[in-house]
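Written out below as structure tokens is the structure these notes cover.
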Amino acid sequence: AGSFGVFSCVLDGVERQQSHRAVYRFVPRHADELNLETDDPVLMLNQSEDLWCQGYNMRTGATGVFPAFYAVRVAKDINQVQKDGWIEQFLVRFLGSVQVPIHKGNDVLCAAMQKVACNRRLASQPPSACVLEVSVKGVKISVQDQCHSDHRGDQCFHFYQLKNISFCGCHPKHSKYFGFITKHPDQQRFACHVMMSETTLYPLAESVG
């Protein structure tokens, strides 16, 4: 977000500064929802625990609700980023996790991606929508479909500390596939977690790496 200028506007007689930037296009399906285009400057007004936010679009002057992971916080400086404890969010599709023999290497990553993709095809299940949040502490994965099926609400997530992430990267030929390898906190066991997107995931690899 550092390459974008920070917008400000006068709202209710008070000058307010842009707090977030839209990272995806959001087309409203209901009257109370906020239309967003990629890179729109957004002022966050309220954020609820159900992963929806109320915001003000500084480009259009409209107010409404939208999914939280469609916008990321604009960092004023690196200290602000570290104070908030997170850097960026990515909307991806979670394919699955498999155990791997060693903790790093592109060959290990590619083999794991192939195995996860095969398992997914055999199961005949579409990949779940997933919010991947990269922070100064680690990586948090919130799988949307699991939340509804397990009735766990906002508790449905997996968190991996940075010190336990040993390797990450995109597939060398198909960059819309991304994976990262984690080690078990106490045992000599390793797992690879694989996700995909409609576009390249190099920005995600750079953020985690």
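Residue numbers count from 1 along this sequence. Only this structure's heavy atoms are used, side chains among them; waters, hydrogens and symmetry mates stay out.
- The heavy-atom pair separating Pro172 from Cys110 by the smallest distance is CD-SG, 3.4 Å.
- Formation of a donor-acceptor pair under 3.5 Å by the Ser19 side chain with backbone atoms of Met44 is found in this model.
- Phe26 and Tyr70 have perpendicular rings, their planes meeting at more than 60° on a 0 to 90° scale where under 30° would count as parallel.
- Under a hydrophobic clustering in which Ile, Leu, Val, Met, Phe, Trp and Tyr are joined whenever their side-chain heavy atoms come within less than 4.5 Å, directly or via other members, Val116 and Tyr177 fall into the same cluster.
- Taking each heavy atom of Leu45 and Thr63 in turn, the nearest pair found is CD1-CG2, 3.8 Å.
- For Glu37, the CD atom is densely surrounded, since the number of other residues' heavy atoms within 6.0 Å is greater than 12.
- Of all heavy-atom pairs between Asn35 and Val27, the closest is OD1-CA, 4.2 Å.
- Using the six-membered ring where Trp is involved, His193 and Tyr160 have ring planes that are tilted, between 30° and 60° apart.
- The heavy-atom pair separating Ala71 from Val23 by the smallest distance is N-CG2, 4.1 Å.
- Residues Phe180 and Leu201 are members of one and the same hydrophobic cluster, defined by side-chain heavy-atom contacts under 4.5 angstrom among Ile, Leu, Val, Met, Phe, Trp and Tyr.
- Below 30°, between 30° and 60°, or above 60°: for His171 and His174 the angle between ring planes is between 30° and 60°, a tilted geometry.
- Annotation for Val42 and Gln18: closest pair O-CG, 3.7 Å, computed over non-hydrogen atoms.
- With salt bridges taken as basic N to acidic carboxylate O contacts below 4.0 Å, none links Asp40 and Arg21.
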